[in-house]
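Right, one structure below, let's go through it.
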Amino acid sequence: MEGVENMNFFEIVLTLAISLGAVVWGVNIYNQKGTWFLAGWNTMSKEEKATYNEKAICHLFGKCVVFCE
């Protein structure tokens with residue numbers, strides 16, 4: 001693992017912080033908090049949002065963010 005040996009402390013902290021942030025964001029989306037941050041969701045009208053299953057979308061997107069990280 002030659003790449004890890006050459007990483008300095010800042011790069012390690014930055015990598016861990018970004019990963020942790022993605023996991024926290026994914027868990028929040030999974031629990032239906034922060035849907036305003038989903039692209040396009042915050043610009044939909046209430047009538048258009050009513051045609052989607054918000055809970056299913058949040059569960060799918062939250063799982064994708066957490067497990068793809």
Side-chain angles (χ1 to χ4, degrees):
M1 294 182 55
E2 185 176 302
V4 175
E5 295 170 357
N6 293 332
M7 291 179 71
N8 63 26
F9 182 73
F10 175 73
E11 291 171 331
I12 293 171
V13 170
L14 185 62
T15 302
L16 291 174
I18 290 171
S19 298
L20 180 63
V23 169
V24 168
W25 180 50
V27 169
N28 281 328
I29 292 295
Y30 183 83
N31 292 318
Q32 299 178 4
K33 295 178 181 359
T35 55
W36 56 269
F37 198 64
L38 295 176
W41 188 261
N42 56 352
T43 59
M44 285 185 190
S45 65
K46 289 183 181 184
E47 296 82 20
E48 195 174 4
K49 284 182 185 179
T51 63
Y52 293 96
N53 185 346
E54 182 178 358
K55 186 174 183 177
I57 290 172
C58 288
H59 280 196
L60 176 66
F61 190 74
K63 287 178 184 177
C64 288
V65 171
V66 171
F67 293 116
C68 291
E69 183 59 36

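Here L60 sits alone; no ILVMFWY side chain lies under 4.5 Å from its own, so it joins no hydrophobic cluster.
Applying the side chain to side chain contact (heavy atoms under 4.5 Å, CB included) criterion to S45, with sequence neighbours excluded, gives E47, E48. The side chain to side chain contact (heavy atoms under 4.5 Å, CB included) check on K46 picks up nothing, with sequence neighbours excluded. Scored by the side chain to side chain contact (heavy atoms under 4.5 Å, CB included) test, V24 finds L20, N28 as partners (sequence neighbours excluded). Legend: residues meeting side chain to side chain contact (heavy atoms under 4.5 Å, CB included) with F61, ordered by chain and number and at least two apart, are W25, I29, L38, V65.
Side chain of N31 to backbone of K33: no donor-acceptor contact under 3.5 angstrom is found.
To the nearest 0.5 Å, atom OG1 of residue T51 and atom CE of residue M44 are 7.0 Å apart.
In this structure, the side chains of Y30 and V66 stay at 4.5 Å or more apart for every pair of heavy atoms.
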